[in-house]
Amino acid sequence: IPATWEAMEECFRKGLAKAIGVSNFSTKKLHDLLQLAKITPAVDQVELHPLWQQGQLTDLCKRNCVQVIAWSPLGGLGKPWGSKSVLEHPVIQEIALKHHKSPAQAIIRWLTEIHVAPVVKSYNSQTLLENINSFDFSFINSFDFSLADEDHKRIETIAQERLGMWDALCNFTTSPYKSLFELWDGEIWGDLFWAYPKI
């Protein structure tokens, strides 16, 4: 990782890239990179949704001005790792119903209010319009369709599970990662095995 990041920094300095960032970096990998980087990554694009909130990682990113981007924030339906469990979670369903919104709209709004940029996609024009209309209400604001602090707290209590494990990236011959534990630095389930020092 250090040599690759150094080459990316050189591309940035030469004007070959307007910004450089990382994807799927665990808390530990990002922490280690921040220790040696001359240019802070602009983003870390990771799996993030109500069932995998990555609080430790988002905290590290906020402290170091790294924008978190959530891929498959609605559960990645149609993907090999995808699951309806995100959109169908009872807490999300209840919050969406309370605010007269769809579960997708509630999740998109929640992500933006915790300063995470969601990457959602659809080829359906109605779904695209629905996603855009995620911004006509607020969880925090007391005006319009507000989601109160208790709604944020309810989302925070959801049991955590990573959907995309990517076990195909682990092997004993061609990968630097021999196990999922190594790949994700222990950040596989809700209980984290590695705690980064505050930097």
Side-chain angles (χ1 to χ4, degrees), residues 1-2 4-6 8-9 12 17-76 86 89 91-92 95 99 103-121 131 134-135 137-143 146-164 166 183-199:
I1 293 174
T4 302
W5 188 253
E6 190 176 306
M8 290 173 67
E9 288 178 326
F12 180 81
K18 291 184 179 184
I20 52 176
V22 296
S23 181
N24 296 317
F25 268 45
S26 65
T27 308
K28 181 181 184 315
K29 284 180 181 67
L30 183 61
H31 174 267
D32 292 349
L33 178 64
L34 290 169
Q35 298 303 299
L36 61 94
K38 294 179 180 74
I39 300 170
T40 300
V43 301
D44 188 359
Q45 185 173 351
V46 296
E47 176 186 350
L48 198 148
H49 45 72
L51 276 63
W52 191 245
Q53 298 174 29
Q54 302 217 52
Q56 196 174 37
L57 177 65
T58 58
D59 180 52
L60 178 64
C61 288
K62 284 176 189 172
R63 290 175 181 271
N64 291 278
C65 299
V66 177
Q67 176 63 55
V68 178
I69 299 177
W71 56 256
S72 294
L74 306 179
V86 177
H89 194 280
V91 170
I92 300 303
I95 291 171
H99 294 283
Q105 288 174 311
I107 291 168
I108 292 168
R109 188 64 209 180
W110 167 74
L111 286 166
T112 58
E113 288 190 2
I114 63 167
H115 308 290
V116 171
V119 176
V120 293
K121 72 174 191 176
N131 290 346
S134 300
F135 302 102
F137 78 111
S138 172
F139 289 177
I140 299 169
N141 192 335
S142 60
F143 304 104
S146 302
L147 193 79
D149 285 341
E150 72 251 16
D151 293 320
H152 274 279
K153 287 177 181 157
R154 288 188 69 208
I155 292 172
E156 289 171 9
T157 66
I158 293 173
Q160 298 296 286
E161 76 174 281
R162 178 186 291 279
L163 298 179
W166 305 99
L183 176 64
W184 298 118
D185 299 308
E187 298 175 10
I188 300 174
W189 304 279
D191 298 319
L192 302 180
F193 295 95
W194 186 82
Y196 73 93
K198 301 289 185 198
I199 58 171

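A side-chain donor-acceptor contact under 3.5 Å links S26 to the backbone of K29. With W5 contributing its side chain and L34 its backbone, the two residues share no donor-acceptor pair below 3.5 Å. The closest donor-acceptor contact from the side chain of Q160 to the backbone of P50 lies under 3.5 Å. A donor-acceptor contact shorter than 3.5 Å is absent between the side chain of E47 and the backbone of A70. Within the 3.5 Å criterion, the main-chain N or O of L51 finds no donor-acceptor partner in the side chain of E161.
Taking OG1 of T27 as the reference point, atom CG of L57 lies at 4.5 Å (rounded to 0.5 Å). The line from CG of L33 to NZ of K28 is 11.5 Å long, rounded to the nearest 0.5 Å. Atom CD1 of I95 and atom NE2 of H89 lie 10.0 Å apart (nearest 0.5 Å).
Across V119 and P73, no two heavy atoms sit closer than the pair O-CD, 3.1 Å. When all heavy atoms of D44 and L30 are compared, the closest pair comes out as OD2-CD2, 4.0 Å. The heavy-atom pair separating V86 from G75 by the smallest distance is CG2-CA, 3.7 Å. Taking all atoms of both residues into account, the shortest heavy-atom contact from T40 to N64 is CG2-O, 3.5 Å. E156 and Q53 get closest at one heavy-atom pair: CA-OE1, 3.6 Å.
The pair E113-R109 counts as a salt bridge, with a side-chain nitrogen and a carboxylate oxygen less than 4.0 angstrom apart. Ionic pairing of K153 and D149 is not present here: no N-O contact between side-chain nitrogen and carboxylate oxygen is shorter than 4.0 angstrom.
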Open item on the list: Between Q56 and L60, does the side-chain contact (heavy atoms from CB on, under 4.5 Å) criterion hold? Intermediate values first, please.
Closed with: CA-CA 6 Å; Q56 196 174 37; L60 178 64; over 6 Å; no

Open item on the list: Determine whether I92 and I155 satisfy the following criterion, side-chain contact (heavy atoms from CB on, under 4.5 Å), listing intermediate values before the conclusion.
Closed with: CA-CA 7 Å; I92 300 303; I155 292 172; 4.2 Å; yes

Open item on the list: I'd like to know whether H152 forms a side-chain hydrogen bond (donor to acceptor under 3.5 Å, both in side chains) with E150, so could you lay out the CA-CA distance, the side-chain angles of the two residues, the decisive distance to 0.1 Å, and finally the verdict.
Closed with: CA-CA 5 Å; H152 274 279; E150 72 251 16; over 6 Å; no

TODO: Show the numbers, then the answer: is there a side-chain contact (heavy atoms from CB on, under 4.5 Å) between D151 and W110?
DONE: CA-CA 9 Å; D151 293 320; W110 167 74; over 6 Å; no

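When side chains are defined from C-beta on, E9 counts as touching I20, because their heavy atoms get closer than 4.5 Å.
Every residue meeting the side-chain contact (heavy atoms from CB on, under 4.5 Å) condition with V68, not counting sequence neighbours, appears here in chain and number order: V46, L48, T58, C61, V116. With sequence neighbours left out, the side-chain contact (heavy atoms from CB on, under 4.5 Å) criterion links Q67 to V43, I69, A117. Every residue meeting the side-chain contact (heavy atoms from CB on, under 4.5 Å) condition with S23, not counting sequence neighbours, appears here in chain and number order: Q45.
Checking W71 against N24 by side-chain atom types alone, a donor-acceptor pair falls below 3.5 Å.
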